[in-house]
Every structure is written in structure tokens, then in C-alpha cells.
Amino acid sequence: MQFLAITARASLRLRLLAGTLFWIAASIAVAAWGLGGLFGEHVAKQFYGELKTHLDQLTAHLAVGAQGQPTLSSALSDPRLRLPYGGLYWQVDEIAQPDQVAAPAAGSLRSRSLWDSVLLVPQDAPADGEIHQHRLAGPADSSLGVVERVVRIDPRPDGPERAFRLIVAADERLLREPVAAFNSALWLALGVLGGGLVMAALVQVLIGLAPLRKLRAALARVRNGDAQSLVGDFPAEVMPLVDEFNAVLAENAEVVGRARTQAGNLAHALKTPLSILANAATGRDDELARLVVGQVDTAKRQVDYHLLRARAAAAVRAPGARTPLPAVLEGLLRTMRRLHAERPLELVLQPMSEALSFRGEQHDLQEMLGNVIDNACKWASRRVEVSACVDRGSLLIGVDDDGPGIAAADREAVLCRGVRADQQVPGSGLGLAIVDDLAPLYGGELALADSPLGGLRVLLRLPLADAAAQVH
């Protein structure tokens, strides 16, 4: 039962193989049992049929001599009967008459093959013409199969009737050895047949499940962003599943598209009145104008922040998104060089594999990396380094600066929205907070540490689009 429970939870290949191998083994065992039994029964019939033939010959040649002793009119034909312990034996016992005081000795007439042995057959009384079968111990510790019959002879018209027990026996090795030889050959043949059937089952399972491997490869292409739907020729039994999955992908893409459209519409709907309020307050130098400008700016940042989260959450649910990392980093560094052109910053991109890709939307990657690199540029004294590698099956991006860094006790606080480490540095305090919120949506995380350059190291862990690109 435990094996069946484990098999039920195992792979489809194991289920098919387990079921097939079970029935192959059961079929071979039943075939061996049936064929072995039939052959054994056939050999037994032949064995006792041969004994009955010799018994008929013995009956035909039995006679009573002039002295009243049983004798054979001629010798039986089988040469084994003349070879001591040759495996085939006959014996004639006279049955005592009711008026006889002493019973005649057993084995007074017997084959030369018995030599000095006598067959002691159970004292039953077969009816005329009836043949009994026995098994008994024979000479040289052999086991014998025996047939016997009773024959009555009236030697003289006026003499008493004589009764004789005629016995023919053979060593059961003549029965066992052919059966053993047949069973050996049978098991060898069935073993070869079973091996062939097992190989056929393996090939059948491998060929039969090949479309599932092809389907898995198609799913991997969708997940890695190489395709937007399942494409390929699949068997008729699998095509309904492929069609349903493609329908789900199309519906999901449509939902994501509607979410993006609604997010954009909401952004435009909110930004327009906010811009009007900001323009109305521009040029006025009073407390109300400054309050309006400050609150409008805060509202715009909050709107951008929450719209970005909503759009990212929708993008995460869209399969097949894939963004090459090196191209995005190179573009961001070019932008940052122009943005911070007034400062003597050295922005360095460490060598990395061109195969590194982020499993997600390009805009979200640009938003996260842009915030991290821009934050490093604001705090750096002269140098910012960007590196990327594959770590534990995910994409690990590191941004180092040579600025003052952040104390370990303050690092958790700077990830809160609106919190800045230094009010002297321009910014809203939303950069790292946005990254810290977006990364978990993709199953990633943001971490802060000490940089080898002396400042802050920001480590951003994100999902890897292609697990095969394990290049460090």
C-alpha cells in the first residue's frame, strides 16, 4: 500500500513504468506457472503411460510353469530391465489364497534390474482389469512411480485358480529431469521475452511522453520571455491543454494591458489638475502659494509612486517578460553621466555576461536601477561602480559608491518612504523606498552593506530570466 501511495504521487513516467512492469512480471509469472504445469502434467502422463505399456507386456508374457511357479514366456524388450538399478523394474508377487497357511514370498519373480532388491507395494486389492498407481522408495535411495494390476490364472481345468500381482516401476528422475530441463529453458525464454518487453515499455514511455518534454520546453520559452504563447506541433490529446493555456496567457496579457491603460489614464487625470494648481501658485510669494506648491509636489510623487506599484504588480503576473541587463545598465549610466555632468564622477560598469537578463518588465528594471544608481551618484565623492552576477539562481546587482555611507543602525530607516539620510542632499526620500517596494513584487529583495570603496553598497536581488546563464 505504501508503494502504491508513493507511486500515485510520483511522476507520470514512473506511474506508467510501474504499471507496465507489474503487468509484465505478473504475465510472465502466470505464463511460467501455466506452461510449467502443463508440461509437467504431460510428462507425468507419458511417464505412467509408458509404465502401463510395460505392464501390458508383462501381463501378456506371464505364464505358470510345470512346477506351478510363475514365469515369463519371453523377456521384456526394454534393455533397462536387464541393467542392475537401471531405473526401470518389474516384479510379480503371488497373492495368497484363503486356504493357504503361509503367504508366498514377495518378489519371487522380478527383473534383473532390481538385483537383490524387492519392491514392497501397499497391500491393496485392485479389481480385475483395474490399475493402481503408487509412489514408494526404490533401490539406491531412489523414488519410484509404480503401477500394478492383479491377474488371475487357472493353470489346469481341475486345478485351483492362481492370483498374481504384477508390478512395474520406474525411477521418478525420468519424470523430474525433463520437467527441470524444460523449466530452465522456459525461464530463460521468458526472461529474454520479459527483457524485450521491458525495453519496449521503456521506449514506449519515452516516446509517448516526448510531447510532454516538448511542452515543458515551450513553457520554459514563455517563462524566459522567448515566446508569448505555446508554439509547436503537439498530439491531439495535448492540444486542448495547449489551447486552454494559450487562452489563459492571452486573457492575462489583456488584463495587464487594461491595467496599464487604466494606470496611464489615472495618471493623466490626476496630473492635469495638479499641474493647474502648481501653475496657479507659481509666481506668488506668500505662505499659501508655497504650501500649495509643496503639497502639489508631494501629491505628484505619491501618485507616481503608487501608479508605479500598481503597474509593476500587473506586470509581474504577465509571463514571458524578459529584459537584457547589460543594455539597460549602459543606458542608465549614460543618462547619469549627463544628469550629474557638473560633478567629477567616474561611473564604472564592471564586465558581465551579455546573457544576463531580468525576468520582468524593462521599465520596472529601469525604475529600480535608476533610483539606486541616482542615489549612489548623489552621495558619491568621485566613483560609482556597478556590477552584476548570478548568485544562487537569481540575478544579483551591486552598486557601490565612495561616499560617506550610512551607519548600520540607520539603514533600515532610509528605506522608509520620505526619509532622507541628509536634508542637505536634494531628493524626495522615495528612491530606495520605491526599489524596496518593487523588488519583493518580483520575488527579489534590497539590501544595504558597507562598500569596498568606503561608502554604501546597495545589493539588489532579482529573478533571473534564463537559469541556464549561470555566468559569474
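If you're wondering where the values come from, they're calculated on a predicted model, not measured in any experiment.
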> Taking it one step at a time, do Val390 and Leu396 satisfy side chain to side chain contact (heavy atoms under 4.5 Å, CB included)?
Replying inline: CA-CA 6 Å; Val390 175; Leu396 185 63; over 6 Å; no
>> Working note: Leu136 + Leu120, criterion side chain to side chain contact (heavy atoms under 4.5 Å, CB included); need CA distance, chi angles, decisive distance, verdict.
In response: CA-CA 8 Å; Leu136 51 88; Leu120 300 178; over 6 Å; no
>> Evaluate Val147 against Tyr48 for side chain to side chain contact (heavy atoms under 4.5 Å, CB included), listing each step before the verdict.
In response: CA-CA 8 Å; Val147 294; Tyr48 283 103; 3.8 Å; yes
> Are Arg80 and Glu50 close enough, and set up right, to give a salt bridge (charged side-chain N to carboxylate O under 4.0 Å, His left out), and what steps lead you there?
Replying inline: CA-CA 13 Å; Arg80 291 175 295 176; Glu50 183 179 0; 2.9 Å; yes
> Can you check side chain to side chain contact (heavy atoms under 4.5 Å, CB included) on Glu361 and Thr323, steps first, answer last?
Replying inline: CA-CA 6 Å; Glu361 291 291 331; Thr323 302; 5.6 Å; no
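In this view, Leu230 and Leu215, Ala218, Leu219, Val222, Val242, Phe245, Asn246 satisfy the side chain to side chain contact (heavy atoms under 4.5 Å, CB included) rule, not counting sequence neighbours. When the salt bridge (Lys or Arg N to Asp or Glu O under 4.0 Å) test is applied to Arg457, the partners found at least two apart in sequence or on another chain are Asp400. Listed by chain and number, the residues in a salt bridge (Lys or Arg N to Asp or Glu O under 4.0 Å) with Asp401 amount to none (sequence neighbours excluded). Not counting sequence neighbours, the partners of Leu206 by the side chain to side chain contact (heavy atoms under 4.5 Å, CB included) test are Arg13, Arg213. Scanning for salt bridge (Lys or Arg N to Asp or Glu O under 4.0 Å) contacts around Arg334 gives an empty result, with sequence neighbours left out. Under the rule for a side chain to side chain donor-acceptor pair (under 3.5 Å), Glu41 has no partner lying at least two apart in sequence or in another chain. Every residue two or more places apart in sequence or in another chain that forms a side chain to side chain contact (heavy atoms under 4.5 Å, CB included) with Pro84 is listed here: Trp115. When the side chain to side chain donor-acceptor pair (under 3.5 Å) test is applied to His134, the partners found at least two apart in sequence or on another chain are Asp124, Glu148. Here Asp410 pairs with nothing under the salt bridge (Lys or Arg N to Asp or Glu O under 4.0 Å) rule; sequence neighbours left out.
Gly398 and Leu459 get closest at one heavy-atom pair: CA-CD2, 3.9 Å. The minimum heavy-atom distance between Ser394 and Arg461, with the atom names listed, is OG-NH1, 2.9 Å. The two residues Ala201 and Ile24 have their closest heavy-atom pair at CB-CD1, 4.4 Å. Taking all atoms of both residues into account, the shortest heavy-atom contact from Leu325 to Ala388 is CD2-CB, 3.5 Å. When all heavy atoms of Arg359 and Tyr442 are compared, the pair lying nearest together is O-CD2, 3.7 Å. The shortest heavy-atom contact between Ser113 and Tyr89 is OG-CD2, 3.1 Å.
Here Arg411 contributes atom CZ and Leu448 contributes atom CG; the two are 6.5 Å apart, rounded to the nearest 0.5 Å. Rounding to the nearest 0.5 angstrom, the gap separating the CG atom in Leu365 from the CG atom in Leu332 is 7.5 Å. A distance of 11.5 Å separates CG in Leu16 from CG in Leu202, rounded to the nearest 0.5 Å. Rounded to the nearest 0.5 angstrom, Ile373 CD1 and Leu329 CG are separated by 5.5 Å. Atom CG of Leu438 is separated from atom CG of Asn371 by 8.5 Å, given to the nearest 0.5 angstrom. Here CE of Met368 is found 6.0 Å from CG of Leu460. Values are rounded to the nearest 0.5 Å.
Within a 6.0 Å radius of CZ in Arg382, other residues, nucleotides and ligands contribute 12 heavy atoms or fewer.
Look at Asp374 and Lys378 and you find a salt bridge, because one of the NZ, NE, NH1 or NH2 atoms lies within 4.0 Å of a carboxylate O, short of that distance.
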Scan the side chains in residues 167-187 for donor-acceptor partners under 3.5 Å anywhere in the protein, sequence neighbours excluded, and list what turns up.
residue, atom, partner, partner atom, Å
Asp171, OD1, Arg173, N, 3.0
Asp171, OD2, Arg173, NE, 3.2
Glu172, OE1, Arg135, NE, 3.2
Glu172, OE1, Arg135, NH2, 2.7
Glu172, OE1, Ser143, OG, 3.1
Glu172, OE2, Arg135, NE, 2.6
Arg173, NH1, Glu177, OE2, 3.3
Asn183, ND2, Val179, O, 3.3
Ser184, OG, Ala180, O, 3.0

Distance-only donor-acceptor hits, side chain of residues 341-348, under 3.5 Å, sequence neighbours excluded:
residue, atom, partner, partner atom, Å
Arg343, NH1, Cys377, O, 2.3
Arg343, NH2, Ala380, O, 2.3
Glu346, OE1, Arg383, NH1, 3.0
Glu346, OE2, Arg383, NH1, 3.0

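Two residues are said to be in side-chain contact when any heavy atoms from C-beta on lie closer than 4.5 Å; Glu244 and Met239 fail this criterion. Residues Leu446 and Pro440 are not in side-chain contact: their nearest non-hydrogen atoms beyond the backbone lie 4.5 Å or more apart. Using a 4.5 Å heavy-atom threshold, the side chains of Leu453 and Glu385 count as touching. For the pair Leu51/Leu88, a side-chain contact is recorded, criterion being any heavy-atom separation below 4.5 Å from C-beta on. Counting heavy atoms from C-beta outward, Leu119 and Leu144 have side chains that approach closer than 4.5 Å.
Within the 3.5 Å criterion, the main-chain N or O of Gln350 finds no donor-acceptor partner in the side chain of Ser387. Judged by distance alone, with hydrogens and angles left aside, the side-chain atoms of Lys214 form a donor-acceptor pair with the main-chain N or O of Asp233 at under 3.5 Å. Judged by distance alone, the side chain of Thr20 and the main-chain N or O of Leu17 form no donor-acceptor pair under 3.5 Å. Using a distance-only test at 3.5 Å, with no hydrogens or angles considered, a donor-acceptor pair links the side chain of Asp402 to the main chain of Ser381.
Counting only residues at least two apart or in different chains, salt bridge (Lys or Arg N to Asp or Glu O under 4.0 Å) contacts with residues 186-206 are absent.
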